[in-house]
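Comments concern the structure below.
Fair warning: this is a prediction, and the values are worked out from it, not measured in the lab.
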Amino acid sequence: MAAKMLLLALLAMASSLAMASDPSPLQDFCVADKDSKVLVNGFVCKDPKVVKAEDFFFRGLDKAGDTVNKVGSNVTAVNVNQLVGLNTLGISMVRIDYAPRGLNAPHTHPRATEILTVIEGQLLVGFVTSNTDDGNRLFTKMLKKGDVFVFPEGLIHFQFNPGHTKTIAIGALSSQNPGTITIANAVFGSNPPISDDVLAKAFQVDKKTIDWLQAKF
């Protein structure tokens, strides 16, 4: 059964290649040279003559992340910052561990679509559409082991473990560096902080409520 779950995860990763948002590579590979001082959109290529198998290798996705935190989840990312061989390939992945009642809080990936596979446990997942004349529509689904759900690029989405046992999921993303904007952290925890006048008006609450929220972030 574990082999079948791994196959599903690999298929999910392969699927995301078809909708990659990063520029297409112009050579077999462009391993990131993270020591280069040249600034480009992405990373400069390492000299192919010094590229090694280790540049395409990452170890540790079998290990559970620490979910002892305020939200009860942990994301282990494998993107170009951890695996330099992903540079220009338009794909990355994550392992997400959820404690019972754990949450991967509402967030967006500004540069990637995400496809998620539940390996163990269950998840309540969902995403919200962009602004329309009819408001923002919520699409939500309860997932069980082996189920797959896709979150379109740039849209706010979340995952919540409603159960009393841990959950594990694998996600594939259509960018080597998808980026993450966690909504609450960005709005209430920015540095410097957004004016409480602005947030009080936006959320239609008093400034004391905003100050209380900002203090938590």
Side-chain angles (χ1 to χ4, degrees), residues 12-13 16 19-23 32 34 39-43 65-67 69-83 86-87 89-99 102-117 123-132 135-141 143 149-161 167 169-205 209-217:
M13 291 176 60
S16 72
M19 50 190 174
S21 61
D22 290 0
K34 298 183 73 174
L39 299 179
V40 297
N41 184 23
F43 291 96
D66 183 5
T67 58
N69 53 55
K70 292 181 179 179
V71 293
S73 70
N74 187 289
V75 178
T76 303
V78 186
N79 56 48
V80 70
N81 295 296
Q82 293 81 32
L83 181 55
L86 288 173
N87 193 40
L89 297 184
I91 191 170
S92 58
M93 66 182 299
V94 293
R95 169 183 171 143
I96 314 175
D97 292 276
Y98 311 82
L103 171 70
N104 190 10
H107 62 282
T108 72
H109 301 296
R111 296 179 290 275
T113 292
E114 178 179 3
I115 187 166
L116 187 83
T117 305
L123 283 176
L124 174 66
V125 303
F127 68 86
V128 180
T129 63
S130 54
N131 299 352
T132 68
N136 304 85
R137 187 175 176 189
L138 171 65
F139 291 86
T140 186
K141 188 77 174 174
L143 305 184
F149 198 83
V150 65
F151 306 105
E153 181 174 340
L155 297 187
I156 295 173
H157 59 283
F158 63 87
Q159 303 108 33
F160 174 66
N161 175 13
T167 292
I170 295 289
L173 299 106
S174 60
S175 172
Q176 69 179 40
N177 187 24
T180 301
I181 303 171
T182 305
I183 306 306
N185 299 56
V187 172
F188 298 112
S190 66
N191 184 22
I194 300 172
S195 165
D196 55 5
D197 287 314
V198 171
L199 295 180
K201 187 79 169 181
F203 287 94
Q204 296 294 288
V205 297
T209 301
I210 295 299
D211 294 340
W212 177 77
L213 286 167
Q214 288 180 320
K216 290 186 171 295
F217 293 91

Nearest-0.5 Å distance that lies between atom [atom1] in [X] and atom [atom2] in [Y]:
X: Phe158; Y: Leu138; atom1: CZ; atom2: CG; answer: 5.5 Å
X: Thr180; Y: Asn185; atom1: OG1; atom2: CG; answer: 11.0 Å
X: Phe149; Y: Leu124; atom1: CZ; atom2: CG; answer: 9.5 Å
X: Thr67; Y: Asn104; atom1: OG1; atom2: CG; answer: 12.5 Å
X: Leu213; Y: Phe203; atom1: CG; atom2: CZ; answer: 8.0 Å

Looking at [X] and [Y], what are the two nearest heavy atoms and their distance?
X: Gln159; Y: Leu103; result: O-CD1, 3.3 Å
X: Ala32; Y: Phe43; result: CB-CB, 3.5 Å
X: Gly179; Y: Pro110; result: O-CD, 3.5 Å
X: Ser190; Y: Ala186; result: CB-O, 3.4 Å
X: Gln204; Y: Lys201; result: NE2-O, 2.5 Å

Of the options Asn81, Asn79, Asn87, which is the one that meets Gln176 in a side-chain hydrogen bond (donor to acceptor under 3.5 Å, both in side chains)?
-> Asn87
Would you say the side-chain atoms of [X] pair up with the backbone N or O of [Y], donor to acceptor, closer than 3.5 Å?
X: Asn69; Y: Ser73; value: yes
X: Ser174; Y: Thr113; value: yes
X: Asp97; Y: Gly65; value: yes
X: Gln214; Y: Ser195; value: no
X: Asn161; Y: Ala99; value: yes

Between [Y] and [X], is there a side-chain heavy-atom distance shorter than 4.5 Å?
X: Phe139; Y: Thr129; value: yes
X: Arg111; Y: Asn177; value: yes
X: Leu116; Y: Leu123; value: yes
X: His107; Y: Ile181; value: no
X: Phe217; Y: Val187; value: no
X: Leu155; Y: Thr108; value: no
X: Ile91; Y: Leu86; value: yes

Once the angle between the rings of Phe151 and His157 is folded into 0 to 90°, is it parallel (under 30°), tilted (30 to 60°) or perpendicular (over 60°)?
-> parallel
Does a sphere of radius 6.0 Å around CG in Leu39 hold more than 12 heavy atoms from other residues, nucleotides or ligands, not counting ones at 6.0 Å or beyond?
-> no
Residue Lys34 excluded, over 12 heavy atoms near NZ under 6.0 Å | yes
Mind running side chain to side chain contact (heavy atoms under 4.5 Å, CB included) on Ile210 and Phe188 for me, showing each step along the way?
-> CA-CA 8 Å; Ile210 295 299; Phe188 298 112; 4.1 Å; yes
Could you walk me through whether Ile96 and Asn74 pass the side chain to side chain contact (heavy atoms under 4.5 Å, CB included) check?
-> CA-CA 6 Å; Ile96 314 175; Asn74 187 289; over 6 Å; no
